[in-house]
Amino acid sequence: MPELPEVETIKRALEKSILGKKITGVIVYEPRVIREPKKEAFIKGLQGVTIKNILRRGKLLILELSSGKSLAIHLKMTGQLVYPGNGKASRVSFKLSDGKTLDFNDQRLFGELRLIDNWHDLKFIQKLGPEPFALTPEEFKKRLAEKKTKIKPLLMDQNFISGIGNLYAAEVLFRARINPARPAASLSGKEKELLFKEIKNTLQEAIKYQGSSVDSYVKLNGQPGNYVKYHKVYDRQGKPCLVCKQSIQRIALGGRGTYFCPHCQPR
DNA sequence: AATGGGACCTGCGCGC
DNA sequence: TGCGCGCAGGTCCCAT
């Protein structure tokens with residue numbers, strides 16, 4: 001479940017530690033995580049290239065390379081990047097010119113590595129909604145206007161707005177005091193403004209604390225992020241609401257576990 | 001357009 | 001105790 005704050009945390013750490021270094025070799029332990037091209041071409045295409053630029057779009061990490069190609073990394077549920085690598089449970093290991101390795105770990109193999117000519121051409125990128133931090137309240141309200149879906153699945157829709165997953169959708173809606181099952185179109189102008197504000201606030205705060213380590217997210221150095229202790233609803237079912245003391249509920253919405261306070265977030 | 005389901009995966013927690 | 005089952009969720013894809 002790495003979402004925008006977790007991927008941003010990793011991106012910033014990568015910039016400090018591997019930017020400008022050369023990939024001197026690639027060891028593939030689990031070919032299934034390499035989505036394109038085939039393993040041999042993937043290894044060959046990365047051999048000897050320098051990492052020129054590191055970007056994030058939504059939850060996707062992009063390393064631009066001296067060859068003109070890019071390495072796109074999606075961590076999906078359980079993907080990790082660890083530097084310096086320790087070789088433990090690594091699916092793919094990148095040897096760098098500093099003698100250390102960058103390890104890609106992924107227990108469940110949902111993660112995706114792609115070596116591509118132009119990352120702008122990725123279908124995922126072409127359909128991707130705007131970055132929360134590059135959006136104005138007016139634009140956000142406008143995008144919300146015609147939507148008939150429930151607000152929580154909509155926030156998680158990467159084509160609507162990028163970077164928000166199950167965890168931060170729950171946290172944001174609690175802070176905006178909006179019930180996750182509300183139809184998006186039913187939100188008042190004030191609620192839309194507050195929601196947008198809380199999206200930015202929550203993501204910013206989570207980045208400050210370097211992400212939420214529930215499940216398997218770790219920072220580039222292998223250590224957990226610190227934001228879990230600030231969660232107000234996620235994974236807190238049955239526990240007292242930090243505002244009103246009522247029990248936090250968990251329901252299924254769009255097939256996903258959804259946490260909220262029935263008192264603070266009424267229908 | 002929206003919604004629901006399955007697929008991809010594996011480790012964990014639960015019930016019996 | 002041990003086993004089998006369901007669940008967890010990011011994204012894509014298909015069906016309705």
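Below, read A as the first sequence line, B as the second, and so on, with proteins coming before strands; counting in each chain starts at 1.
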Enquirer: Whole-Å distance between C:dT11 P and A:Phe160 CZ?
Expert: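 About 16 Å, once rounded to whole Å.
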
Enquirer: Of all heavy-atom pairs between A:Pro5 and A:Ile207, which one has the smallest distance, and what is that distance?
Expert: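 Looking at all heavy atoms of both residues, the closest pair is CA-CG1, 3.7 Å.
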
Enquirer: Taking atom P of C:dC12 as reference, at what distance in whole Å does atom CD of A:Glu36 sit?
Expert: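 About 13 Å, once rounded to whole Å.
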
Enquirer: For residues A:Arg57 and A:Leu128, determine if any side-chain heavy atom of one lies less than 4.5 Å from a side-chain heavy atom of the other.
Expert: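 The answer is yes, as the side chains (C-beta and beyond) meet within the 4.5 Å cut-off.
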
Enquirer: When you measure from the side-chain N and O atoms of A:His74 to the phosphate of C:dG10, is any distance below 4.0 Å, counting only OP1 and OP2?
Expert: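 False: A:His74 side-chain N/O out of range (4.0 Å or more) of C:dG10 OP1/OP2.
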
Enquirer: Would you call A:Phe110 stacked on B:dC8, i.e. ring centres under 5.5 Å apart with the planes less than 30° off parallel?
Expert: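 Stacked: centres under 5.5 Å apart, planes under 30°.
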
Enquirer: Do A:Gln265 and A:Asn179 pair up side chain to side chain, a donor and an acceptor below 3.5 Å, judged on atom types alone?
Expert: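 Result is no, nothing qualifies.
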
Enquirer: Hey, which sits more toward the 5' end of DNA chain B by its nearest nucleotide, A:Lys148 or A:Arg256?
Expert: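 Nearest-nucleotide comparison on DNA chain B picks A:Lys148.
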
Enquirer: What's the CG-P distance between A:Asp106 and B:dG11, to the nearest Å?
Expert: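 About 11 Å, once rounded to whole Å.
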
Enquirer: Has the side chain of A:Arg114 got a donor or acceptor that lies under 3.5 Å from a partner of the other kind on the base of C:dT11?
Expert: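 By the distance-only test, no, there is no pair.
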
Enquirer: When you get a sec, tell me which of C:dA8, B:dC8, C:dT11 is the closest nucleotide to the side chain of A:Arg250?
Expert: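 Of C:dA8, B:dC8, C:dT11, C:dA8 is nearest to the side chain of A:Arg250.
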
Enquirer: How many whole angstroms separate atom CG of A:Leu60 from atom P of C:dT11?
Expert: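 Taking atom P of C:dT11 as the reference, CG of A:Leu60 is at 9 Å.
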
Enquirer: Say whether A:Gln210 and A:Tyr217, considering side chains only, have a donor N or O and an acceptor N or O under 3.5 Å apart.
Expert: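 No, A:Tyr217 and A:Gln210 have no side-chain donor paired with an acceptor closer than 3.5 Å.
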
Enquirer: Closest to the A:Leu109 side chain: B:dC9, B:dA2, C:dT11?
Expert: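 Given the options B:dC9, B:dA2, C:dT11, the side chain of A:Leu109 is closest to B:dC9.
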
Enquirer: So, is A:Lys59 near the phosphate of C:dT11, with a side-chain N or O under 4.0 Å from OP1 or OP2?
Expert: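 Yes, because at least one side-chain N or O of A:Lys59 sits under 4.0 Å from OP1 or OP2 of C:dT11.
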
Enquirer: Where the side chain of A:Lys147 is defined as all heavy atoms beyond and including C-beta, which of C:dT11, B:dA2, B:dC9 is the nearest nucleotide?
Expert: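 Shortest atom-to-atom distance from the side chain points to B:dA2.
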
Enquirer: I need the CG-C1' distance between A:Asp157 and B:dA2, as an integer number of Å.
Expert: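 For the pair A:Asp157 CG and B:dA2 C1', the rounded distance is 11 Å.
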
Enquirer: Whole Å only: how far is the NZ atom of A:Lys76 from the P atom of B:dC8?
Expert: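 In whole Å, B:dC8 P lies 13 Å from A:Lys76 NZ.
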
Enquirer: Nearest 0.5 Å, please: how far is CZ in A:Arg256 from CZ in A:Arg250?
Expert: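 The CZ atom of A:Arg250 sits 10.5 Å away from the CZ atom of A:Arg256.
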
Enquirer: Rounding to a whole Å, what distance do you find between A:Leu61:CG and C:dT11:C1'?
Expert: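 Taking CG of A:Leu61 and C1' of C:dT11, I get 17 Å after rounding.
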
Enquirer: In the structure shown, which nucleotide is the Watson-Crick or G-U wobble counterpart of C:dT1, with both distances under 3.5 Å?
Expert: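 When the pairing criteria are applied, nothing turns out to pair with C:dT1, so the answer is none.
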
Enquirer: Which is true for A:Glu112 with a 4.0 Å heavy-atom rule: it touches a base, it touches only sugar-phosphate, or it touches nothing?
Expert: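 The answer is nothing, as A:Glu112 stays clear of every strand by at least 4.0 Å.
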
Enquirer: Describe the nucleic acid contact of A:Tyr234 in one word from base, sugar-phosphate, nothing, applying a heavy-atom distance below 4.0 Å.
Expert: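 If one applies the 4.0 Å heavy-atom cut-off, A:Tyr234 turns out to touch the sugar-phosphate alone, with no base involved.
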
Enquirer: For this output row, return yes or no: ring centroids of A:Phe260 and A:Phe174 closer than 6.0 angstrom.
Expert: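 No, too far apart.
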
Enquirer: Give the rounded distance in Å between these two atoms: CZ of A:Arg91 and P of B:dC9.
Expert: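 In whole Å, B:dC9 P lies 11 Å from A:Arg91 CZ.
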
Enquirer: If the cut-off is 4.0 Å, is A:Lys123 near the phosphate of C:dC13, judged by side-chain N/O to OP1 or OP2?
Expert: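 Yes, such a contact exists.
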
Enquirer: Pick the nucleotide of DNA chain B nearest each of A:Arg32 and A:Glu146; which residue has the one closer to the 5' end?
Expert: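 Result of the comparison: A:Glu146.
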
Enquirer: Work out how far the P atom of C:dT1 is from that of B:dT10, and round it to whole angstrom.
Expert: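 Each nucleotide's P atom is 27 Å from the other's.
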
Enquirer: Measuring only the P atom in each nucleotide, how far is B:dC8 from C:dC3? A whole number of Å is fine.
Expert: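 Rounded to whole Å, the distance is 26 Å.
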
Enquirer: So, OP1 or OP2 of B:dC9: does either fall under 4.0 Å of a side-chain N or O from A:Gln107?
Expert: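 Result: no.
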
Enquirer: For A:Gly255, report the nucleic acid contact type (base, sugar-phosphate, nothing); a contact means any heavy atom under 4.0 Å.
Expert: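 Here A:Gly255 touches no strand at all.
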
Enquirer: Starting at the 5' end of DNA chain C, which residue's closest nucleotide do you reach first, A:Asn159 or A:Tyr259?
Expert: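 Nearer the 5' end of the strand: A:Tyr259.
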
